[in-house]
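Worksheet: one structure, shown below.
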Amino acid sequence: MIWLDGSRKSLAVVRKKKEVKKETGLGLSFTKDENFGEWYSEVVVNGEMIEYYDISGCYILRPWAISIWENMQTFFDAEIKKMKVKNCYFPLFVSPGVLQKEKDHVEGFAPEVAWVTKSGESDLEVPIAIRPTSETVMYPYYSKWIRGHRDLPLKLNQWCNVVRWEFSHPTPFIRSREFLWQEGHTAFSTKEEADTEVLQILELYRRIYEEFLAIPVIKGRKSELEKFAGGLYTTSVEAFIPNTGRGIQGATSHCLGQNFAKMFEINFENEKGEKAMVWQNSWAYSTRTIGVMVMVHGDDKGLVLPPKVAAVQVIVIPVPYKDADTQGIFDACVATVATLTEAGILAEADLRDNYSPGWKYSDWEMKGVPLRIEIGPRDLANNQVRAVRRDNGAKTDISRVFLVEQVKGMLDKIQQNLFDVAKQKRDACVEVVKTWEEFVTALGQKKMILAPWCDEEDVEKDVKARTKGEMGAAKSLCTPFEQPELPEGTKCFASGKPAKKWTYWGRSY
Ligand code: 87F
């Protein structure tokens with residue numbers, strides 16, 4: 001049995017709902033702008049992504065969410081295989097001795113580790129931890145498997161779940177106590193190889209966000225305070241949620257240096273016959289990606305799914321009138337789905353006869369399907385269909401002769417438009433500041449702040465302390481790889497000392 005802490009709350013999450021909209025019974029009771037938190041909870045449930053579970057911080061991921069996860073997984077898995085990374089699976093459980101071997105890195109995280117203490121009624125002789133991440137699970141075997149330089153590089157990845165017993169406000173996808181991720185763990189004979197891989201993986205993470213989820217991200221390096229303490233340096237892709245004015249770490253790619261190699265004695269004999277230590281990396285992205293997607297693109301009608309990750313790209317809905325040729329319309333819907341499917345487009349028809357067309361429109365809008373095709377008597381007569389975009393509501397009549405090319409074109413446009421709009425909104429939240437006063441003002445306006453910084457750890461601690469409050473402190477998000485020019489003599493916004501770099505700051509998840 002899993003040992004649960006005292007923070008376990010009530011069973012089901014009870015939420016007070018306002019009047020549900022009109023006759024459809026489908027609407028959201030909160031708007032994105034007025035009550036973002038409640039809006040988000042409602043969207044992920046009504047959009048059929050998750051169901052709340054009777055353990056706080058744990059959620060059921062429904063097929064609608066898992067299909068998005070699988071689309072990203074298919075892309076990423078193929079890309080890392082091109083890089084000769086191999087998949088593997090290590091056990092869920094960690095023995096306490098191994099977990100604590102790497103004290104420095106585990107110390108700060110210890111309160112989040114969940115333990116199994118019983119089997120049936122009897123106490124286990126030794127409690128067993130559940131992996132919060134797998135460094136300590138995997139590296140003893142790296143030590144065993146790596147002997148000579150011919151055993152390198154060793155590049156392993158696993159797709160798995162991890163458990164971190166978080167105490168702060170749980171949020172579906174964004175902060176949950178169990179989540180899905182991939183964790184890559186690689187070992188090289190040289191630092192140069194490790195450095196190169198860190199950036200290759202980071203580029204894949206950028207592509208997941210920008211090309212699949214249509215979310216702009218910033219690539220950069222974490223500060224000493226914000227990096228993974230067990231490693232040498234941490235790179236990340238950072239996204240931003242305009243509604244809450246918070247940055248969110250999208251994925252991380254770490255160069256671990258030789259810290260773990262030392263601790264776990266991961267040594268090899270190099271070409272000269274000398275004993276050497278490996279250089280290691282680790283990298284991960286998780287189901288958090290899905291939460292960022294919901295927050296960035298969702299609207300007051302529900303989810304908005306980018307076509308590249310949607311399980312259903314086109315929903316075809318018959319719109320029969322009283323004395324129309326209902327059978328003809330249904331047949332046209334089925335034929336339309338067949339034509340689109342044949343062309344590799346993910347299309348489905350909603351032929352349920354116990355719901356009105358209007359109800360179905362709202363239902364599929366809630367689920368975020370990128371394109372709706374309506375077929376009514378007039379469309380049938382004109383050998384056309386009506387296409388309605390989820391992202392902007394635009395309606396277009398399409399001749400069935402050009403169906404496939406037109407729909408493909410529209411899906412591409414939707415994908416691009418989602419990215420463009422998200423980028424425009426994100427960019428509108430970026431504020432360049434030079435002084436502490438400007439910084440405080442921008443923070444109050446929920447901005448993501450680009451400021452010249454002296455890059456001193458104590459100064460970042462000071463920024464945190466000086467911005468502490470109800471909304472949470474500001475911290476550095478990353479130092480972007482793309483650096484604007486830093487004129488000679490520029491001062492740090494927080495300390496007044498000479499600035500060394502431009503760094504993004506803000507509140508964050
Ligand atoms: C919670 C409990 C115990 C984060 C934890 O980012 C340990 C940890 O080590 C812990 N929360 N971390 C850092 C994870 C670092 C690293 N692991 C492999 C990654 C990428 C994948």
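These numbers come from a predicted model, not from an experiment. Whatever order the structure lists ligands and atoms in, that order sets their numbers, starting from 1.
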Item to check | Verdict with reasoning, S282 to H254, per side-chain hydrogen bond (donor to acceptor under 3.5 Å, both in side chains) | outcome: CA-CA 5 Å; S282 77; H254 311 280; 4.5 Å; no

Next on the checklist: Determine whether I248 and L477 satisfy the following criterion, side-chain contact (heavy atoms from CB on, under 4.5 Å), listing intermediate values before the conclusion.
Outcome noted: CA-CA 8 Å; I248 184 159; L477 304 174; over 6 Å; no

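For W181, no nitrogen or oxygen atom sits less than 3.5 Å from a nitrogen or oxygen atom of ligand 1, counting backbone and side chain alike. For the pair H254 and ligand 1, the shortest N or O to N or O distance falls below 3.5 Å.
Nearest to atom 21 (C) of ligand 1 among the protein's heavy atoms is A284 CB, 3.5 Å. For atom 14 (C) of ligand 1, the closest non-hydrogen atom of the protein is R164 NH2, 3.8 Å. Here the heavy atom of the protein found nearest to atom 2 (C) of ligand 1 is F109 CB, 3.1 Å. Among protein heavy atoms, atom 9 (O) of ligand 1 sits closest to H105 NE2, 2.9 Å.
Ligand 1 places these atoms under 4.0 Å from at least one heavy atom of H185: 18 (C). Of all atoms in ligand 1, numbered sequentially from 1 with element shown, those under 4.0 Å from a heavy atom of F228 are 9 (O), 13 (C), 15 (C). Which parts of ligand 1 touch P132 is read off a 4.0 Å heavy-atom cut-off, strictly below it: atoms 1 (C), 2 (C), 3 (C), 7 (C). Near T252, meaning under 4.0 Å from one of its heavy atoms, ligand 1 places the atoms 6 (O).
Using modelled atom types, no side-chain atom of E269 and backbone atom of R147 make a donor-acceptor pair closer than 3.5 Å. Panel note: side chain Q313, backbone P307; a donor-acceptor pair is recorded below 3.5 Å. The main-chain N or O of H185 is found under 3.5 Å from a side-chain atom of Y142 such that the two form a donor-acceptor pair.
Taken to the nearest 0.5 Å, the CZ atom of F228 stands 6.5 Å off from the OG1 atom of T133.
For the residues E112, E135, E166, the heavy atom positioned nearest atom 16 (C) of ligand 1 is part of E135.
Shown are F179, W181, F76; of these, the ring-ring contact (aromatic ring centres under 6.0 Å, His included) with Y285 is made only by F76.
For the pair M293/P306, a side-chain contact is recorded, criterion being any heavy-atom separation below 4.5 Å from C-beta on.
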